[in-house]
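Scroll down for the structure; my scribbles are underneath it.
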Amino acid sequence: MAGLTVTLPDGSTKDLPQGSTAADLAAAVGPRLLRAAVAALVNDAEADLCTPLADGDRVAIVTATSDEGRKVLRHSTAHVLAQAVLQLWPGAKFAIGPPIENGFYYDFDLPGGASFSEEDLARIEARMREIVAEDQPFVREEMTRDEGLTTFADQPYKVEIIEGVEPGEGATHGAVSAYRNTPAFIDLCRGPHVPSTARLGSFKLMRVAGAYWRGDERNRQLQRIYGTAWESDKALQEHLAMLEEAERRDHRKLGAELDLFHFPPEIGGGLCVFHPKGGLVRRLMEDYSRAEHEAGGYQFVFTPHLAKSTLFERSGHLEWYADGMYPPMEMEGATYYPKPMNCPMHMLIYNAGQRSYRELPLRLFELGTVYRFERSGVLHGILRARGFTQDDAHIFCTPEQLAPELASLLAFVIRLLRAFGFEEFEAELATRPDKFVGEPAEWDQATDALRHALEVAGVPFRVAEGEGAFYAPKIDMHIRDAIGRRWQMSTLQVDFQLPRRFHLEYTGADNARHRPFMVHRALFGSIERFFGILVEHYAGAFPTWLAPVQVRVLGVRNDHDEAARSLARRLGDEGFRAEWAAGDEPLAARIRRAKMDKLPYILVVGDDDIAAGTAGVNARGAERPERGVAAEAFIERLRHEVDNRLTSPS
RNA sequence: GCCCUCUUAGCUCAGUCGGUAGAGCACAGCCAUGGUAAGGCUGGUGUCGUGGGUUCAAUUCCCACAGAGGGCUCCA
């Protein structure tokens, strides 16, 4: 019998006997690859390892340590979860169970509308481990639509999915595919899957949640179980450790511990108060932002928190964004709303006089506090609040100025974020959605300008097709924090709608009236949110220039208190935030207290220091304390560190 | 808003199979005077989230509500 030849991703070829499968190919390349293999890409299509290969196929083996491979593992683990739940809750209906970032979930409809409790997770997980130990094969079964409908006749959600399958989608020739583990358990699925459940095992069920069928709250609410799954126990443990680290850095926890802010229930959900220490950090952030904006040619404006409904009718907010707004207030026959955005008010400032092209670009900046109605369930500390302050600006410019303006804006964003210790940036260019207003030509012009700006700035970006706002394309800047988490930060949007709605004009060099382009941009986005991200990024250990207290001076004994106080006062006179602590506890205890307060510097003064005009310097993060540092030298060092805003995330 | 979990001292938590509660840290006082991550002793501290119900008796059991956390949904 003739053999067959397949091409590997590196371009090399491999000759195999007729009838060989992807698994055989992996084995032929090497036993290590076979062990790591979970699926294959055959001519760029995902396939099971048991897929027979044909002569001339291009084949790549998908290994468990790749993103694709983990998806397969997670998806297969989701099937095991479904089998366990269906066995433990006879009569349960199962819906969908896809892989997601770091794991998977599965949605169920339990008999009698029952719900899972946290305790159920242990039982389910135990059953899952039995299924893994049973080494059940994943066997693909192709069937016609009608056969599928018969097979899953008692599973209404599966029936709905099959009925929704477009001819030719997912499965070939109007057929559907399913994977069977046991005679009793089969799940509708596109695949691919690992060959057998024995290939799984490094997983953990995490939590239960309610989730609506097809994500639509008009539909029935299902019971969702989330799990995480990895290629090895080591990777699983690393992931769990990362979650613990994230918990340790939680801004809500640190916010309370470090006395930065809190959310008094008396004020209302999603509305926070900043304590003196948090307020100090916030003021430093804002001062820095103001100084940078001033240097960047922005002019500062101030606008009120409320406006009449007519303003938001004109801006379109009431038409498009009413669900996100606080409810109206009636007064003297007019209806007022708290503002959800600052832009309409900035439009009015633009329109306060006749504008000339000589004034453009006009950059109006405001630390503007806005209120948005967020449903109670989505609030998340300071990262998702109902009242927050945007570092908001609107730039009005001529069409020719748009591209250079966007390019310098991107450079501005990156400079600002770098000052706060962020080094990794990724952007998304969100383009025209299906539902949009305006002219396609305008969209293209604005989108090209945004793309050009990204290219000039050298920021890596991906295009998010159709994810722009209905009125404009935008760039979303993402950063990575100290433990690799990605956060969406700054937004730059080119808006055609508001200039039109507010009839913005300027007189050009040609003495004719023109409509300006307008860019919305918020760099921190929300001051509160950025503050929360900083807390998590630095794990509460703010860099010296931002630390609420920069130095605490300790005397070795309490008869050194006066020397400690005097040194702290001297540092204060030099413009630093320094305090001293009385020697009513042993030195080691006071050192520990200062360390737990995450202070950048602890100074210790004893007999030797008083005699020599020096101090012991215990810097945060240093291996060992330094002795006998001259006070002047320390002041210079501190000044250098603060003036240059040196950062070192913990 | 919906599903799950939680709410006991300033903080973290234990506890009472129904008889109004404890520990560590923190705080206060005294003693210790210690050169780089917890010295000792003593002491005060609670409407057990709120409201109702069952009961001789509720922090404990039941119901409702509020708040918090994890999700869903939405995100101009």
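Only heavy atoms go into these numbers, but all of them, side chains included; no hydrogens, no water, no symmetry mates. In this text the structure is predicted, and so the values were computed from the model without any measurement.
- When both pairing distances are held under 3.5 Å, B/A23 makes a Watson-Crick or G-U pair with B/U12.
- Checking B/C27, B/G34, B/A38 against the side-chain heavy atoms of A/P586 singles out B/G34 as nearest.
- The side chain of A/A209 lies closest to B/G70, out of B/U36, B/G70, B/G1.
- No close placement of the A/Y226 and A/F104 rings is indicated, their centers lying 6.0 Å or farther apart.
- Nearest nucleotide to the side chain of A/R375, out of B/C74, B/C72, B/U33: B/C74.
- If you take atom C1' in B/U55 and the same atom in B/G69, they sit 34 Å apart, rounded to whole Å.
- Of all nucleotides listed (B/C72, B/C4, B/U36), B/C72 comes nearest to the side chain of A/R224.
- Searching all strands for a Watson-Crick or G-U wobble partner of B/A58 with both distances below 3.5 Å returns nothing.
- Nearest nucleotide to the A/A211 side chain, out of B/A26, B/C72, B/G34: B/C72.
- Rounding to whole angstrom units, CD of residue A/E247 and C1' of B/U12 are separated by 13 Å.
- Between the P atoms of B/C4 and B/A28, the separation comes to 45 Å (whole Å).
- Taking every side-chain heavy atom of A/D609 into account, B/G35 is the closest of B/G34, B/G35, B/U73.
- The aromatic ring centres of A/Y157 and A/W213 sit less than 6.0 Å apart.
- Note: CZ (A/F108) to P (B/C4) measures 16 Å, nearest angstrom.
- Remark: side-chain polar atoms of A/R249 are paired, donor with acceptor, to backbone N or O of A/E536 under 3.5 angstrom.
- A/D561 has its CG atom 13 Å from the C1' atom of B/G34, to the nearest Å.
- Of the candidates B/G35, B/G1, B/C75, the closest approach to any side-chain atom of A/R384 belongs to B/C75.
- The nearest whole Å value for the distance from the NZ atom in A/K253 to the P atom in B/G70 is 14 Å.
- In this structure, A/R592 places its CZ atom 15 Å from P of B/G24, rounding to the nearest Å.
- Comparing B/A37, B/C72, B/U36 by their nearest atom to the side chain of A/L587 picks out B/U36.
- Not less than 6.0 angstrom separates the ring centroid of A/F108 from the ring centroid of A/W89.
- Salt bridge present: A/E160 and A/R214 bring a charged side-chain N and a carboxylate O closer than 4.0 Å.
- Counting atom types as modelled, A/Y212 pairs no side-chain N or O with a base atom of B/G71 as donor and acceptor under 3.5 Å.
- If you check B/C65 for Watson-Crick or wobble pairing at under 3.5 angstrom, you find it paired to B/G49.
- Straight-line distance from the CG atom of A/L110 to the P atom of B/C3: 14 Å, rounded to whole Å.
- Across the protein-nucleic acid pair, A/L379 atom CG and B/C74 atom P stand 17 Å apart, rounded to whole Å.
- Proximity note for A/Q223 (side chain, C-beta onward) versus B/G34, B/U73, B/C3: the nearest is B/C3.
- Distance, A/L599 CG to B/A37 P: 15 Å, rounded to whole Å.
- On the P atoms, B/A57 is 11 Å away from B/G53, given to the nearest whole Å.
- When the C1' atom is compared between B/G52 and B/U59, the two are found 16 Å apart, to the nearest whole Å.
- Donor-acceptor pairing under 3.5 Å is lacking for the side chains of A/T369 and A/K339.
- Side-chain proximity of A/I591 to B/G35, B/A37, B/C27: nearest is B/A37.
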